[in-house]
Amino acid sequence: MQIGRVIGSVVATRKHPSHEGLKLLLVQPLNLDGTDRGDAVVAVDALDAGVGDRVLLTNEGFCAGSSVGRWPATPIDAAVLGVIEEIELLPDVRGQR
Amino acid sequence: MQIGRVIGSVVATRKHPSHEGLKLLLVQPLNLDGTDRGDAVVAVDALDAGVGDRVLLTNEGFCAGSSVGRWPATPIDAAVLGVIEEIELLPDVRGQR
Amino acid sequence: MQIGRVIGSVVATRKHPSHEGLKLLLVQPLNLDGTDRGDAVVAVDALDAGVGDRVLLTNEGFCAGSSVGRWPATPIDAAVLGVIEEIELLPDVRGQR
Amino acid sequence: MQIGRVIGSVVATRKHPSHEGLKLLLVQPLNLDGTDRGDAVVAVDALDAGVGDRVLLTNEGFCAGSSVGRWPATPIDAAVLGVIEEIELLPDVRGQR
Amino acid sequence: MQIGRVIGSVVATRKHPSHEGLKLLLVQPLNLDGTDRGDAVVAVDALDAGVGDRVLLTNEGFCAGSSVGRWPATPIDAAVLGVIEEIELLPDVRGQR
């Protein structure tokens, strides 16, 4: 999984029937030092995360599809799986936290 | 998922039998600022999107395969899952919309 | 899926038992302007494509594995799914065809 | 799989129910010469690895999901599958070990 | 799949129980001209390939997992599927062989 930050949301009017009721978040993947890691992805919100939250992001379809309990009928390839509270780094590997 | 723009279509005469009746779209993945994100992909149209539409794109096989209700017998690795109406960005993260 | 060009073939003498009888093609993925998109991949021929053909290529394992009707017992991660006859591009997005 | 080094851990308070009891490690993928290979990923600990260990890492969802015996109901896309004791390199290909 | 060269092996003492008895090879993916294609990966040996062999490599989890007949219980994301004897290239596309 990756660390990411929720930076917005996406609204689709016409959509795949199985997406009805799912909330789509814009999530910016982050490097350990907090800088952007590529561009933002559109991820399904699997636990009611809020804009601004630092989250645990999966950007892989098999994994994401199983996160909302609708597998395999719902096409999803990215999901927010947790709200990260703390990142602990080995001191002698990387000094920053 | 990614944000993309439908920029064309592809016609295959000889094709995998399970692809019969599927419409193949050319979709250009986009960054949040609207610039191109890599090159275009060939995606199955899962909801009758039109050329020029801004769409929700999956580019992952497990996800795409389930989008047309023919899983797992139909080989598909990209699909258009929604037509995007609005993208809402956290103001203090990225100013543009 | 991607657009590709069949540029050769690969012969393996010792091979996975389930690969017996499968034809392995070398396929060069292409950008929309016809230039190379990364390096060539080895793909299973799911419809008797010929060297030189412009084809519909999948480079994803779940998708490719289902293309030869031997899923999930045959390990395959790339396959040729169609021979492309025509690519239609939105005129005001990209002028070339 | 890739070679990686455990460099820390991640704590998520609000999380996917199926993640209850799983330990999340920060793993830095490594090149053969020991340099960093991209940025760190968040991986599930499938065998009680410790911070500082050199490990066998999978960063693919289908594979990782099956590593903790909760497949397919638990969304996971990266896992630590082994602690590496020795890497043996063909002498005339690469001299370093 | 990709073309690769077996350049070594990896030994893990503590490992996922399902990996017992599997041989882990270090495989360097290759471009068509024989140069390195990214860094080496750790792949399961599905057919007793030897160090130095030019092989057919899959680096995708669903595919690799099915190669050793232990699907879906064994987490694997890369495997050697064949020993390549001959690569035939279209003469007017690429002259080298």
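A note on names: the letters A, B, ... follow the listed sequences, proteins ahead of strands, and every chain is numbered from 1.
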Item to complete: Identify the two heavy atoms, one from Ala78(D) and one from Met1(A), that lie closest to each other, and give their separation to 0.1 Å.
Response: CB-N, 3.7 Å
Fill in: Shortest non-hydrogen separation from Glu88(A) to Leu26(D) and the atoms involved
O-CD1, 4.3 Å
Discussion item. Can you give me the closest heavy-atom contact between Asn59(A) and Asp77(D), atom names plus distance?
Written reply: N-OD2, 3.7 Å
Worksheet item: Applying the side chain to side chain contact (heavy atoms under 4.5 Å, CB included) test to Leu24(D), which of Leu56(A), Leu81(A), Ile87(A) qualifies?
Response: Leu56(A)
Worksheet item: Pick from Val55(A), Val80(A), Thr58(A): which one has the most heavy-atom pairs with chain D under 4.5 Å?
Response: Thr58(A)
Practice prompt. With rounding to the nearest 0.5 Å, note down the distance linking CG in Leu47(A) to NZ in Lys15(D).
Written response: 11.0 Å
Practice prompt. Could you list the residues that satisfy side chain to side chain contact (heavy atoms under 4.5 Å, CB included) with Val51(D), not counting sequence neighbours?
Written response: Leu90(A), Val6(D)
Worksheet item: With sequence neighbours excluded, what pairs up with Thr13(A) under the side chain to side chain donor-acceptor pair (under 3.5 Å) test?
Response: Glu85(B)
Worksheet entry | Within-4.5 Å side-chain heavy-atom neighbours: Leu32(A) and Ile7(D) | yes
Response to the item:
All heavy atoms of Arg37(A) vs all of Asp39(D), minimum pair found to be NH2-O, 3.3 Å
